[in-house]
Amino acid sequence: MSTIGYKDWAVDLAEVGAIYPFQGWEVAMTIVGVIFWLGWHRIQFVREGEHLEKAKKMGDPEKIAKALERY
Amino acid sequence: MDGNLNALTTVFTEFYYWVTVVFMFLIHVGFCMYEVGASRNRNHMHTLMKNIMIIPLVTVTFFFFGWWIYWAFPMFPFFGGLDLEAGAANVPWSETMGTNLGDRITGVFWAAFLLFSWTAASIVSGSVIERIRSSALWVHAVLIGSVFWIIDAAWGWHYGGWMVQYLGYHDAYASGVIHAIAGGYALGVIMVLGPRIGKFAADGTPRDIPPHNPWLLTIGIFLIYTGFWGFYAACNVPAISPELIDGQITGTTWTATNIYLAPTSLSAITFNFLMSLSGGLMAAYVVSKGDAFWTFSGGLAGIITASAGNDLYHPIQAMLIGAVGVVIVYKLHYWVEKKFKLDDAVGAVAVHGYAGFVGLVISGFVLWGAPSSPYEGYAAINPVGQFLGAVIMFGVLGFLPGFVVAKMQAAAGVLRIPEEVEIQGLDYAEHHAYEDAKAAIIAADKAHLATKVTPAE
């Protein structure tokens, strides 16, 4: 058994195409990939919103003035 | 790969594009340094993170659908349907979109286009620093990097694109397909986003917000120049036979070609790259009276203005076109800023958008009547086609979607950071935690030292 379809390289390379594991599962891998991408956006969007809400009330005027001076 | 010559050509082409990709990475490094240098201390980390995360987000989406768009959209939707046959080899579940010994070109060719996508997104990123929400920018990055620029590439930067066939559109090194569209998109976003606090005085006079670190800016733009070399090489097909082009070229002489498979050479574009860079630098120095920011950016704008025709221009033409473009761009930037109260933080709309637009229009006159393609029946290069092309790139595929999506984000309250956060700085929480941690550890060390030191007698 080999996940890439070849157990050894005793082959004519002219006859060889794809050599990645789990050939035939490309559509399923794509669906997983798209969920991963969209999920990332969702997580980041929610976290950033929460962070900005908190950050609005976080500022200490003295520290902010120092930060402004520092440019 | 039948035969040694075929094998050598394939491996050379694979390596050629791979090298261009590595060079083009420097464009992104340069953009990051430029943005961080231009931003103020209190926004550094968020500014950097905003640009860095463009890399993975545009990469995965360009894998999922961007690359397919390029192959499926050349005539869609106005002059034909989707080219599903060409697209089939470029969907994410195709066998050629992975480790495949029967195809050594798709991966590197995909990556070369992908690095253009990063550039398009990064151009937009620069103009909106210090006040956009990262989540909002990253949606724009995916849209410009994996949807709109690649639609324009299918239409006007593909040997079978409808703009090439019917308008005679010619844009060899992407004045329009990357720079005008990204500049137009950035303009659409900043019109909705609004200026940074303090950018305009109460009477509407614009204030300069000087870069926090001019040296970082300088290194950044020099890295962009360097990466631009790779970008130019990546726009060419390095070696191809007339038989493979299957167009009107006769004889058996192999050649390098532009993206339209029309002949040019690396030597020609090296002449023109350097001469348009020089024309841009010289004109910018004069028009800005030696302002460092504008002089360096003018070099870039010079190349961008000449890029549409830099496969065919004479080097002196490239120099003069670069120079003319920079003068127009400089004047236009300040006029727009003052008139419309727009805050383009790094001058991206001007350097990329206006320069790209102007470059397309100029090339329509200078290259009038030259073949846009080696294929029979295509329109020749002409001023009307180039002007319409510039409008499509800057306005239709750039400005319009940027403006509409930003409007939607603004309506939902997810475009701009709160005013309090803008004043205290996006990095305030991190700075605060850093300063607190620093104070705590210093106090602890001092306390420890006090227990160990014996007072002097």
Side-chain angles (χ1 to χ4, degrees), chain A residues 2-71, chain B residues 1-2 7 39-43 46 49 53 56-57 59-61 63-65 91-103 133-139 142 146 198 209-213 412-414 416-433 435-436:
Chain A
S2 164
T3 58
I4 69 165
Y6 296 92
K7 284 189 241 175
D8 57 59
W9 289 117
V11 293
D12 178 353
L13 292 179
E15 307 295 324
V16 179
I19 52 169
Y20 50 79
F22 308 118
Q23 289 156 41
W25 285 87
E26 291 85 352
V27 172
M29 288 191 283
T30 302
I31 292 168
V32 171
V34 169
I35 291 169
F36 174 68
W37 161 54
L38 291 174
W40 186 93
H41 275 290
R42 173 74 189 153
I43 291 167
Q44 189 277 331
F45 177 82
V46 170
R47 280 191 188 164
E48 186 180 32
E50 289 170 356
H51 171 74
L52 289 172
E53 271 310 306
K54 275 189 207 157
K56 273 164 71 172
K57 302 171 192 101
M58 196 184 275
D60 171 344
E62 205 176 305
K63 286 181 176 170
I64 293 171
K66 266 191 195 168
L68 294 179
E69 281 298 326
R70 202 169 50 205
Y71 196 67
Chain B
M1 292 193 290
D2 296 331
S39 70
R40 285 162 287 184
N41 222 323
R42 61 185 193 270
N43 298 314
H46 270 76
M49 190 64 83
M53 290 308 292
L57 293 170
T59 299
V60 299
T61 49
F63 187 89
F64 292 146
F65 48 79
V91 288
W93 51 85
S94 161
E95 282 198 350
T96 48
M97 290 293 281
T99 315
N100 189 318
L101 296 186
D103 176 358
R133 287 183 188 230
S134 298
S135 49
L137 184 273
W138 289 331
V139 169
V142 169
S146 292
I209 301 180
H212 165 260
N213 186 338
V414 295
R416 188 165 176 139
I417 59 171
E419 193 180 313
E420 298 90 332
V421 178
E422 189 175 341
I423 284 291
Q424 74 193 23
L426 278 158
D427 293 347
Y428 182 82
E430 286 84 350
H431 272 315
H432 193 52
E435 292 298 336
D436 288 352

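Quick note on labels: first sequence line is chain A, next is B, and so on, each numbered from 1. Atoms considered below: every heavy atom in the structure, side chains included; atoms not considered: hydrogens, waters and symmetry mates.
- Between A:Tyr71 and B:Ile209 there is a side-chain heavy-atom pair separated by less than 4.5 Å.
- Between A:Thr30 and B:Phe63, every side-chain heavy-atom pair lies at or beyond the 4.5 Å cut-off.
- Of the listed residues (A:Arg42, A:Arg47, A:Glu48, A:His41), just one forms a side-chain contact (heavy atoms from CB on, under 4.5 Å) with B:Ser135, and that residue is A:Glu48.
- The structure places CD of A:Gln44 at 8.0 Å from CE of B:Met53, a figure rounded to the nearest 0.5 Å.
- The closest side-chain heavy-atom distance from A:Phe45 to B:Val414 is below 4.5 Å.
- In this structure, CG on B:Asn100 lies 8.5 Å from CD on A:Gln23, to the nearest 0.5 angstrom.
- More than 12 heavy atoms of other residues, nucleotides or ligands sit less than 6.0 Å from atom OH of A:Tyr6.
- Both the backbone and the side chain of A:Met58 come within contact range of chain B, each with at least one heavy atom under 4.5 Å from a heavy atom of that chain.
- In this structure, chain B has no heavy atom under 4.5 Å from any part of A:Trp25.
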Applying side chain to side chain contact (heavy atoms under 4.5 Å, CB included), run through A:Asp60 and B:Tyr428 and close with a yes or a no. CA-CA 10 Å; A:Asp60 171 344; B:Tyr428 182 82; 3.4 Å; yes
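- Between chain A and the residues B:His212, B:Arg133, B:Glu422, the most heavy-atom pairs under 4.5 angstrom are made by B:Arg133.
- Atom CE of A:Met29 is surrounded by more than 12 heavy atoms from other residues, nucleotides or ligands within 6.0 Å.
- In terms of heavy-atom pairs under 4.5 Å with chain A, the best-connected choice from B:Ser94, B:Ser134, B:Pro56 is B:Ser134.
- Considering every non-hydrogen atom in both B:Ile423 and A:Ile64, the closest pair reads CG2-CG2, 4.0 Å.
- Comparing B:Pro210, B:Ala136, B:Gly425 by how many heavy-atom pairs each has under 4.5 Å with chain A, the most go to B:Pro210.
- Taking B:Thr61, B:Ile417, B:Thr96 one by one and counting their heavy-atom pairs under 4.5 Å with chain A, the maximum is reached by B:Thr61.
- Summarising the geometry, atom CG belonging to A:Leu68 is positioned 8.5 Å from atom CZ belonging to B:Arg40; distances are rounded to the nearest 0.5 Å.
- Here the closest non-hydrogen pair linking A:Lys56 and B:Val421 is N-CG2, 3.9 Å.
- Using a 4.5 Å heavy-atom cutoff, the side chains of B:Leu57 and A:Trp37 are in contact.
- No part of B:Val91 comes within reach of chain A, as not one of its non-hydrogen atoms sits under 4.5 angstrom from that chain.
- A heavy-atom distance below 4.5 Å is found between the side chains of A:Tyr20 and B:Glu95.
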